[in-house]
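Since we're looking at a predicted model, the values are computed, not measured. Lettering follows sequence order; numbering is per chain, from 1.
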Amino acid sequence: MKRNVISSLISTDLVGQSVTVCGWVRTFRNDQFLAVNDGSCLQNLQLVLDRDATDESLRKLLTTGAAIRATGQLVESQGGGQATEVKVEEVEVLGAADPDEFPIQMKRHTMEFLREKAHLRFRTSTFSAVFRLRHALQFAIHDFFNSDGFYMLHTPIITGSDAEGAGEMFKVSTSDPDQEFFGKPVNLTVSGQLEAELGAMALGKVYTFGPTFRAENSNTSRHLAEFWMIEPEVAFNDLSDNIDLAEACLKHVLRYVLEHNLPDLEFLANREAEAEKQLPADKRNATGLIERLRSVTEGAFVRLTYTEAIDLLRQSKPFKKKKFKYPVEWGVDLQSEHERWLVEKKFNCPVVLTDYPAGIKAFYMRRNDDGKTVAAMDVLVPGIGELIGGSQREERLEVLKEKCAEFNIPEDHIWWYLDTRKFGTAPHAGFGMGFERLVMFATGMTNIRDVIPFPRAPQSAEF
RNA sequence: UCCCCCAUAGCUCAGCUGGUUAGAGCGACUGACUGUUAAUCAGUAGGUCCCUGGUUCGAGUCCAGGUGGGGGAGCCA
């Protein structure tokens, strides 16, 4: 079906030409003005019908949600809200939408309501903007790594690896659970990292960008059972290189959307500002969405060690006034309240925490010379918390074997992983970035279920 | 998994100390108007008060259990 996409018609470039538009009706005002959206951009195109020349039975079908095709001349708009409009010569309803039943009406809906209508919520401005941005962000990520000489590696989704310790796993079986198709128990992957390391030890710079599955019973606005993760892994990088990479990557992708998706971002910024009017002052963001993104692309990330963070927290006002619910002392993991204070109160910008106590981090992280800490890094951002977690990997075979023993990981389960330390081992580092958390940060959406088309969470797998 | 809150019209909500025929705004529909921008104005329709059980002369309202949703915590990305 030959058509002109609306994104090409909202500027005056094609004024005077005959155009064909396909899309879905947002509103129909005065029996005359048809606002149509085709998903190519945030903006609707205004179609102007000649009331007398339009059949009444046809007009009755032009309701919110109906799919239509129209042809006519693109002209400069006589009204104020838009640069162009189409003087319709012919309009056809491709698919009606019974207004008694179509749930997405031209009024404010709550996110909770739309989440239950996930198959139709793309029809709203908010969700079409979110999913255009989701696309742009994933493109920018591939663009960033490709430009930097990385190779994308497809790591397995079904895996027999059970030693990673990243979380509870989903078992995979055939419809006959007794039949062991792979000859051993297998799971859905919780991370592509270990396999990515294997690739990095030959290809140099690799990354994975794939689905990840966690069977944790997590009921929060920041967790999903199925989510997408970006995991670069780079040979010969140390922790400091790793932080540089994470910072450059975040800056690149946010710059990309600020440059290419500004109308969607402005719409979402506005939406957020409106939504926050309902909130008490202390729950609102200190700055608007666009300013928050700019502060990341323009400012340097604060870097400090876990030990320094503990010192800062112990000197903080909430600590002295005993406002923290959880203890702050060297050796315990930082809680959300502590991370929030550092990121949102103390620095108000992304904060990279490094060199955590070995006991609270994964087995593969490189032991520091002090013997107590590991070369780990977490990137915390305002409003989200942990966006990135990574480390320099333990490349020394003997140390890694000690760590396996400490973490009760049988060596024969990850013999292939240990082999990379046996044959031509080298320093290397990498991180994992939760893609949905990135989309949350970039869009200002506050529930992770609203930045993935069809969320999977405990007790929730509709669609 | 734990703590707190919520469930009444298509949507967002009100409904007092248990008491007559269940309320509003928005949306939808009908009509008027016709260069509108979530148009405007007038009118109309629309209810398994989440489910099960209990207390009571009487339950939307009180109690118990369940289901669903939200916020926070833990786990993490």
Both distances below 3.5 Å, Watson-Crick or wobble geometry, any strand: find the nucleotide opposite B:U1. B:A73
Pairwise P distance for B:A24 and B:A9, with rounding to whole Å: 14 Å
Starting at atom CG of A:L45, determine the distance to atom P of B:U36, rounded to an integer number of angstrom. 18 Å
Could you measure between the two C1' atoms, the one in B:U8 and the one in B:G68, and give it in whole Å? 16 Å
The nucleotide from B:C75, B:U34, B:C76 with an atom nearest the side chain of A:R51 is B:U34
Side chain A:N219 and base B:U1 donor-acceptor under 3.5 Å: yes
Using the P atom on both, measure B:C26 against B:U44 and round to a whole Å. 15 Å
Over all strands shown, is A:Q46 touching base, sugar-phosphate only, or nothing at heavy-atom distances under 4.0 angstrom? base
Of all the nucleotides listed (B:A38, B:C11, B:A73), which has the minimum atom distance to the side chain of A:F113? B:C11
Full working for side-chain hydrogen bond (donor to acceptor under 3.5 Å, both in side chains) between A:E197 and A:Y417: CA-CA 8 Å; A:E197 282 187 53; A:Y417 186 69; 2.6 Å; yes
Please measure how far the P atom in B:G69 lies from the corresponding atom in B:U37, and state the result in whole Å. 39 Å
Between B:A38 atom P and A:E274 atom CD, what is the distance in whole Å? 12 Å
If you pin A:K107 and A:E339 to their nearest nucleotides in RNA chain B, which one's is more 5'? A:K107
Would you mind telling me which of B:U36, B:A38, B:G72 lies closest to the side-chain atoms of A:E85? B:U36
Do A:V75 and A:T84 pass the side chain to side chain contact (heavy atoms under 4.5 Å, CB included) test, and can you show the C-alpha distance, the side-chain angles, and the key distance before you say yes or no? CA-CA 6 Å; A:V75 297; A:T84 60; over 6 Å; no
When you compare B:C6 with B:C76, how far apart are their C1' atoms, in angstrom units rounded to a whole number? 28 Å
How many whole angstroms separate atom CG of A:N30 from atom P of B:U40? 10 Å
Looking at A:R29, does any N or O in its side chain come under 4.0 Å of the phosphate oxygens OP1/OP2 on B:U36? no
Which part of the nucleic acid, if any, lies within contact of A:T27, taking any heavy atom under 4.0 Å across all strands shown: a base, the sugar-phosphate backbone alone, or nothing? sugar-phosphate
Quick one: look up who B:G68 pairs with, Watson-Crick or G-U, both distances under 3.5 Å, and put none if it's unpaired. B:C6
With both distances under 3.5 angstrom, what nucleotide forms a Watson-Crick or G-U wobble pair with B:C62? B:G54
State which of B:C75, B:G69, B:G27 makes the closest approach to the side chain of A:E116. B:G69
Whichever of A:S460 and A:I360 has its nearest RNA chain B nucleotide further upstream toward 5': A:S460
Categorize A:R115 for me: base, sugar-phosphate, or nothing, with a 4.0 angstrom heavy-atom threshold over every strand shown. sugar-phosphate
Mind checking the C1' distance from B:C49 to B:U61? Whole angstroms is fine. 10 Å
Which value, in whole Å, describes the distance between the C1' atoms of nucleotides B:U55 and B:G71? 32 Å
Tell me whether the side-chain N or O atoms of A:E216 pair up with the base of B:U1 as donor and acceptor below 3.5 Å, since no angle test is needed here. no
How far, in whole Å, is B:C51 from B:U30 if one measures between their P atoms? 32 Å
Let's test your reading of the model: under 3.5 Å, does the base of B:C76 pair with the side chain of A:S218 as donor and acceptor? no
Let me know the distance between CG of A:D31 and P of B:A39, rounded to the nearest Å. 13 Å
Tell me which nucleotide among B:A28, B:U30, B:U36 gets nearest to the side chain of A:K60. B:U30
Using a strict threshold of under 4.0 Å (side-chain N to carboxylate O), is an ion pair present between A:R393 and A:E233? yes
Nearest to the side chain of A:R222 - B:C29, B:A73, B:G27? B:A73
Which is true for A:G79 with a 4.0 Å heavy-atom rule: it touches a base, it touches only sugar-phosphate, or it touches nothing? base
Among B:A73, B:U36, B:G68, which nucleotide has an atom closest to any side-chain atom of A:Q459? B:G68
With no angle test and no hydrogens, is the base of B:G70 tied to the side chain of A:E112 by a donor-acceptor pair under 3.5 Å? no
With no angle test and no hydrogens, is the base of B:C11 tied to the side chain of A:H109 by a donor-acceptor pair under 3.5 Å? no
Can a donor-acceptor pair under 3.5 Å be found between the side-chain atoms of A:D100 and the base atoms of B:A28? no
Carboxylate-amine/guanidinium contact A:E247 A:R303, below 4.0 Å: yes
Can a salt bridge be assigned to the pair A:K87 and A:D50 using a cut-off of 4.0 Å between side-chain N and carboxylate O? no
Contact class for A:Q335 vs. all strands (heavy atom < 4.0 Å): base, sugar-phosphate, or nothing? sugar-phosphate
Carboxylate-amine/guanidinium contact A:E266 A:R271, below 4.0 Å: no
Any base atoms under 4.0 Å from A:P99, or only sugar-phosphate, or nothing? Heavy atoms, all strands. sugar-phosphate
With the threshold set at 4.0 Å, does a side-chain nitrogen-carboxylate oxygen contact exist between A:D31 and A:R51? no
Paired with B:G35: which nucleotide, if any, by Watson-Crick or G-U wobble criteria at under 3.5 Å for both distances? none
Can you check ring pair (Phe, Tyr, Trp, His ring centres under 6.0 Å) on A:Y356 and A:Y306, steps first, answer last? CA-CA 5 Å; A:Y356 284 77; A:Y306 168 89; 5.5 Å; yes
Pairing partner (Watson-Crick or G-U wobble, both distances under 3.5 angstrom) of B:C16: none
Do A:N217 side-chain and B:U1 base share a donor-acceptor contact under 3.5 Å? no
Check whether any side-chain nitrogen or oxygen of A:S221 sits under 4.0 Å from OP1 or OP2 of B:G72, and answer yes or no. yes
